[in-house]
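Report on the following structure.
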Amino acid sequence: MQPKLIIHGGAGSSLHGKGGVEIVRRSLYKVVEEVYSLLLSGARASEAVVRGCQMLEDDPCFNSGTGSVLQSDGQIRMSASLMDGTTQSFSGVINVSRVQNPIELAQFLQNSPDRVLSDYGSAELAREMQIPSYNALTELRLQEWMQERQDNFKRTMAGVVAEPELLETTNARRGTIGVVVLDTHGRLAVGTSTGGKGFERIGRVSDSAMPAGNYATVKAAVSCTGIGEDIIDECLAPKIVIRVTDGMSLKDAMQRSFTEAKNHKRDFGAIALDADGAIAWGKTCEVLLAAYHDGEKIADTLEWTGDDLIGYC
């Protein structure tokens, strides 16, 4: 089967100029190229998802892993989850610190009887796995937090893209990274990882560590990004996947779900694949930082504008 792939690096804010778009495009395309090559070599969907998430977590351009935003107390706490559509197994970590790639912990937990761990449990798992301690802090994120502290955290969320020329300072938003894959054997998998929304209350849990933001079956897989609370309220990822599983086309499931979300004044985006290789993306916000490989070429949604809620190929 022809493999398919779509990834995202967040959603919400507008980007400054063509130069900003090109920086994000290069980062996303690099991941798409490597992961798609991995798929062509016969890699399993879940393996390809983990590799894609690792690359995005390691890129300080995005709010996950290195470059994660700081919470209200100045600490970095990251969350990530992985779901294998074939086994319909969900695993994840919530508010883990001092690790480079939270998705690796989620991958390990796929074969564990306890498949979602939070803070202390996640830290203990990292020690058991002998993962080296890692400082994910970047200078820009520290400066961002210090500025917000001076302003008494009046801005409610950090920027999704950790590059000064890319931040829309008048409309800063939030984001995660996500990877959705269909492999050569028709298997689907999805992974999502985030540093959170920034400046949040200690203990807040992201949708990225819940099926609400990351879900897959043998029929479809979806990764979400944007305001986590909105994603949770819509239960967005499973809503779309279940509609496809029940017989709706991916295009129609996305259209219906995003129409409902717009009516509810939600603010988020999502990427999706189905078992037939259809690729879809949607947003109720200004920008969706996504790129995909349709089996023939790489394309992206960075300059997708207009009133359409979804895109499809």
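Start at 1 with the first residue, then count along the sequence. Any value given below was found using the heavy atoms of this structure, including those in side chains, with hydrogens, waters and symmetry copies removed.
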Minimum heavy-atom distance Asp267-Cys285, with the two atoms named: OD1-CB, 3.1 Å

Rounded distance (nearest 0.5 Å) linking atom CG of Asn135 with atom OG of Ser97: 10.5 Å

Side-chain heavy-atom pair Thr225, Leu288 within 4.5 angstrom cut-off: yes

CD on Glu144 to OG1 on Thr138, rounded to 0.5 Å: 8.0 Å

Evaluation steps, side-chain contact (heavy atoms from CB on, under 4.5 Å), between Asp119 and Arg77: CA-CA 8 Å; Asp119 43 41; Arg77 297 180 181 89; over 6 Å; no

Donor-acceptor pair between Thr259 and Gln255 side chains, under 3.5 angstrom: yes

Side-chain ion pair, Glu260 and Arg256, N-O less than 4.0 Å: yes

ring-ring contact (aromatic ring centres under 6.0 Å, His included) contacts touching residues 32-61 (sequence neighbours left out): Tyr36-His293

Donor-acceptor pair between Tyr29 and Asp300 side chains, under 3.5 angstrom: yes

Nearest-0.5 Å distance that lies between atom CD in Gln2 and atom CG in Asp276: 14.0 Å

Lys219, NZ atom: more than 12 neighbouring heavy atoms under 6.0 Å: no

Heavy-atom side-chain proximity of Met83 to Gln88 below 4.5 angstrom: yes

Sidechain-backbone polar pair: Asp207 side chain, Glu229 backbone, donor-acceptor under 3.5 Å: no

Short side-chain to backbone donor-acceptor contact, Ser208 and Ala80, under 3.5 Å: no

Intermediate values then yes/no, side-chain contact (heavy atoms from CB on, under 4.5 Å), Lys30 and Asp59: CA-CA 11 Å; Lys30 179 181 179 181; Asp59 190 333; over 6 Å; no

Shared hydrophobic cluster for Val222 and Ile232 (ILVMFWY, side-chain gaps under 4.5 Å): yes

Verify same cluster id: Leu250, Val218 (apolar side-chain graph, 4.5 Å): no

side-chain contact (heavy atoms from CB on, under 4.5 Å) between Asn95 and Ser79, intermediate numbers included: CA-CA 5 Å; Asn95 290 335; Ser79 297; 3.9 Å; yes

For Ser68 against Gly195, the heavy-atom pair lying closest together: OG-CA, 3.5 Å

Side-chain donor-acceptor pair present, Glu104, Gln54, cut-off under 3.5 Å: yes

Whether Phe258 and Phe268 hold their rings parallel, tilted or perpendicular, with breakpoints at 30° and 60°: perpendicular

Shortest non-hydrogen contact between Leu182 and Met1, atoms and distance: CD2-CE, 3.6 Å

Flag side-chain contact, heavy atom, 4.5 Å: Thr66 against Tyr134: yes

More than 12 heavy atoms from other groups under 6.0 Å of CD on Glu296: no

Whether over 12 other heavy atoms sit under 6.0 Å from Met146 CE: no

Rounded distance (nearest 0.5 Å) linking atom CG of Asp84 with atom CZ of Arg187: 8.5 Å

The single option from Gln147, Arg141, Glu139 passing side chain to side chain donor-acceptor pair (under 3.5 Å) against Gln143: Glu139

Test item: side-chain donor near acceptor, Thr245 and Thr217, under 3.5 Å: yes

Nearest atoms (heavy-atom pairs only) where Asn214 meets Gly191: OD1-C, 3.3 Å

Value rounded to 0.5 Å, distance of CG in Leu70 from CD in Glu200: 9.5 Å

4.5 Å side-chain heavy-atom contact, Lys283 and Trp304: yes

Side-chain heavy-atom pair Lys197, Ile227 within 4.5 angstrom cut-off: no

Test item: Ser257 side-chain N/O and Met254 main-chain N/O as donor-acceptor pair under 3.5 Å: no

Verify same cluster id: Val32, Ile177 (apolar side-chain graph, 4.5 Å): yes

CZ (Phe90) with more than 12 external heavy atoms under 6.0 Å: yes

Side chain Trp145, main chain Gln71, donor-acceptor under 3.5 Å: yes

Rounded distance (nearest 0.5 Å) linking atom CE of Met55 with atom OG of Ser27: 9.5 Å

Hydrophobic cluster membership, Met78 vs Ile202, 4.5 Å side-chain cutoff: no

Considering all heavy atoms, the nearest Ala189-Ala221 contact: O-CB, 4.3 Å

Any side-chain heavy-atom pair of Tyr215 and Leu236 under 4.5 Å: no

Note, Ile131 side chain near Leu105 side chain (heavy atom, < 4.5 Å): yes

Between Thr192 and Ser223, a side-chain donor and acceptor under 3.5 Å: yes

Val49 and Val190, any side-chain heavy atoms less than 4.5 Å apart: no

side-chain contact (heavy atoms from CB on, under 4.5 Å) assessment of Ser89 paired with Arg115: CA-CA 9 Å; Ser89 174; Arg115 285 190 276 111; 3.5 Å; yes

Shortest non-hydrogen contact from Leu28 toward His8: CD2-C, 4.5 Å

Transitive ILVMFWY side-chain link Met248 to Ile240, under 4.5 Å: no

Salt-bridge criterion met for Arg266 and Asp233 (N-O under 4.0 Å): yes

